[in-house]
Amino acid sequence: MPLRLIFMGTPDFAVPTLRALHERGHDIVAVYTRAPKPAGRGMKLQPTPVEVEAGRLNIPVFTPTTLKTPEAQAEFRAHHAEAAVVVAYGMILPQVILDAPPLGCFNLHASLLPRWRGAAPINRAIMAGDAETGVMVMKMDAGVDTGDVAMAERLAITDAMTAADLHDALAPLGGDLMVRAIGALERGKLQLTRQSDQGATYAAKIEKAEARIDWNKPARAVLRHVHGLSPLPGAWCEIPIEGEQVRVKILRCTMADDSGVPGDVLDDHLTVACKEGALRILELQRAGKAPMKAEDFLRGTPLKPPMRLI
């Protein structure tokens with residue numbers, strides 16, 4: 001029999017899981033997501049991607065600002081859900097909420113736990129130079145991504161992958177994994193393994209202060225830094241344009257077989273020297289402008305030696 005579920009999630013990453021559970025026939029009695037926020041030119045309230053999908057599926061939506069009040073907790077229990085599925089909800093669940101569904105609350109996390117517990121596992125895995133990552137289903141406890149784990153899917157990280165690329169690859173993989181986990185839970189066959197603290201790392205939230213590019217690092221480290229922050233917040237440097245230093249985000253690059261003084265532009269194709277090796281910039285973005293391919297950018301803004309990026 002399909003399970004009676006509460007789904008809790010907010011961003012695009014959570015949508016494939018919500019959709020997959022619905023398509024499998026589970027009774028999703030409520031969707032919890034963050035409240036709409038003003039965005040765009042008119043600063044109109046914009047519902048989250050999960051709220052939009054819940055509306056398409058005709059599932060009731062709840063947007064409490066906290067789950068710590070007796071009223072919010074009573075409302076949660078009133079759904080009489082057997083389990084809750086949580087995907088990037090963005091709000092800590094108090095113990096009373098974790099204990100409400102008799103089968104528990106199950107989280108889809110975008111890393112191979114215990115590596116990269118925390119807020120930014122996709123970005124941190126790329127930035128650290130990891131060769132692989134994945135998605136895991138975990139039964140939630142009061143800690144930060146410390147609960148018992150059930151299932152995992154692995155995915156190789158290539159140097160060509162940006163955070164957006166990896167996000168888009170992991171999201172549907174996670175939806176399929178959660179469907180299998182909830183199916184096993186429904187049959188009483190879901191096996192949980194205690195999560196080890198050995199090898200645990202924490203994926204801290206990305207801060208704007210760490211986005212500046214340091215050309216005095218090896219080329220591969222710079223590439224992984226750039227790709228781990230692409231498209232948001234975007235790794236940046238300053239480029240000399242019309243006599244001024246202009247901040248530009250670098251969104252995509254590739255390794256180049258060249259060398260020189262770190263930060264120097266080595267040719268007219270936007271190859272830039274690092275401490276070891278060099279990178280060719282493939283895509284970049286000026287403030288207030290749309291992302292551009294390097295060749296399109298160079299048509300309007302020629303950059304040639306002996307220019308330097310800082």
Side-chain angles (χ1 to χ4, degrees), residues 8-17 34 48-50 85-93 98 105-175 177-178 181 193-214 217 220-236 249 251:
M8 311 178 81
T10 294
D12 287 321
F13 186 80
V15 171
T17 302
R34 301 303 296 269
T48 69
V50 163
V85 171
V86 183
V87 187
Y89 178 43
M91 189 183 298
I92 293 176
L93 307 189
L98 295 175
C105 298
F106 294 86
N107 176 247
L108 179 72
H109 187 72
S111 82
L112 298 175
L113 295 167
R115 186 160 178 79
W116 301 128
R117 296 169 176 170
I122 291 175
N123 309 85
R124 296 297 178 188
I126 295 175
M127 294 168 73
D130 290 4
E132 68 171 0
T133 187
V135 282
M136 296 192 82
V137 172
M138 167 191 65
K139 186 174 183 181
M140 299 175 71
D141 62 14
V144 177
D145 301 326
T146 56
D148 295 347
V149 294
M151 293 180 174
E153 283 287 352
R154 295 175 178 269
L155 184 71
I157 303 176
T158 70
D159 282 347
M161 281 182 169
T162 65
D165 297 333
L166 188 53
H167 168 284
D168 292 349
L170 289 175
L173 199 66
L177 184 70
M178 184 60 80
T193 303
R194 186 176 180 84
Q195 189 184 148
S196 172
D197 287 331
Q198 188 172 358
T201 56
Y202 184 69
K205 181 181 177 181
I206 301 296
E207 300 291 343
K208 290 183 178 180
E210 61 186 306
R212 185 162 193 161
I213 297 170
D214 182 359
K217 291 183 177 180
R220 188 169 182 272
V222 177
L223 178 145
R224 284 301 194 106
H225 179 245
V226 165
H227 285 177
L229 298 178
S230 177
L232 294 171
W236 61 272
K249 292 181 180 180
L251 301 178

Determine, stepwise, if the pair Leu93 / Met8 fulfils side-chain contact (heavy atoms from CB on, under 4.5 Å). CA-CA 10 Å; Leu93 307 189; Met8 311 178 81; 3.7 Å; yes

Between Val86 and Leu108, does the side-chain contact (heavy atoms from CB on, under 4.5 Å) criterion hold? Intermediate values first, please. CA-CA 6 Å; Val86 183; Leu108 179 72; over 6 Å; no

For the pair Leu170 and Ile122, evaluate side-chain contact (heavy atoms from CB on, under 4.5 Å) and give the outcome as yes or no after the intermediate values. CA-CA 9 Å; Leu170 289 175; Ile122 291 175; 4.0 Å; yes

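With rounding to the nearest 0.5 Å, the separation of OG1 in Thr158 from NE2 in His227 is 9.0 Å. With rounding to the nearest 0.5 angstrom, the CG atom of Leu155 is 9.0 Å from the CD atom of Glu132. Taking CE from Met161 and CG from Asp168, the interatomic distance works out to 10.0 Å, rounded to the nearest 0.5 Å. In this structure, Met140 CE and Thr146 OG1 are separated by 9.5 Å, a value rounded to the nearest 0.5 Å. Between the CE atom of Met136 and the CH2 atom of Trp116 there is a distance of 16.0 Å, given to the nearest 0.5 Å. Within the model, atoms CE of Met151 and CZ of Phe106 stand 10.5 Å from one another, a figure rounded to the nearest 0.5 Å.
For Ser111 (side chain) and Pro121 (main-chain N/O), no donor-acceptor pair under 3.5 Å exists by modelled atom type. A donor-acceptor pair under 3.5 Å links the side-chain atoms of Gln195 to the main chain of Gly147, judged by distance alone. The backbone N or O of Arg115 lies less than 3.5 Å from no partner atom in the side chain of Thr201, so there is not a single donor-acceptor pair. Using modelled atom types, one side-chain atom of Asn123 and one backbone atom of Gly228 make a donor-acceptor pair closer than 3.5 Å.
In summary, the side chains of Thr193 and Asp148 do not present any donor paired with an acceptor at a separation below 3.5 Å, with no hydrogens or angles considered. Side-chain atoms of Thr133 and Asp130 include no donor-acceptor pair closer than 3.5 Å.
Nearest heavy-atom pair across Pro16 and Pro172 is CB-CA, 4.1 Å. Looking at every heavy atom in both residues, Lys249 comes nearest to Gly234 through CD-CA, 4.0 Å. What you find for Arg224 and Asp159 is that their closest heavy atoms are NE-OD1, 2.9 Å. Between Ser196 and Arg117 the shortest heavy-atom distance is O-NH2, 3.3 Å. Closest non-hydrogen pair, Asp145 versus Gly118, comes out as OD2-N, 2.7 Å. When all heavy atoms of Arg34 and Thr10 are compared, the closest pair comes out as CG-OG1, 3.1 Å.
For the pairing with Val85, the side chain to side chain contact (heavy atoms under 4.5 Å, CB included) check across Asn107, Val137, Thr17 returns one residue only, Thr17.
Arg154 CZ: 12 or fewer foreign heavy atoms inside a 6.0 Å radius.
A salt bridge links Glu210 with Arg124: the closest approach of a Lys/Arg side-chain nitrogen to an acidic carboxylate oxygen falls below 4.0 angstrom.
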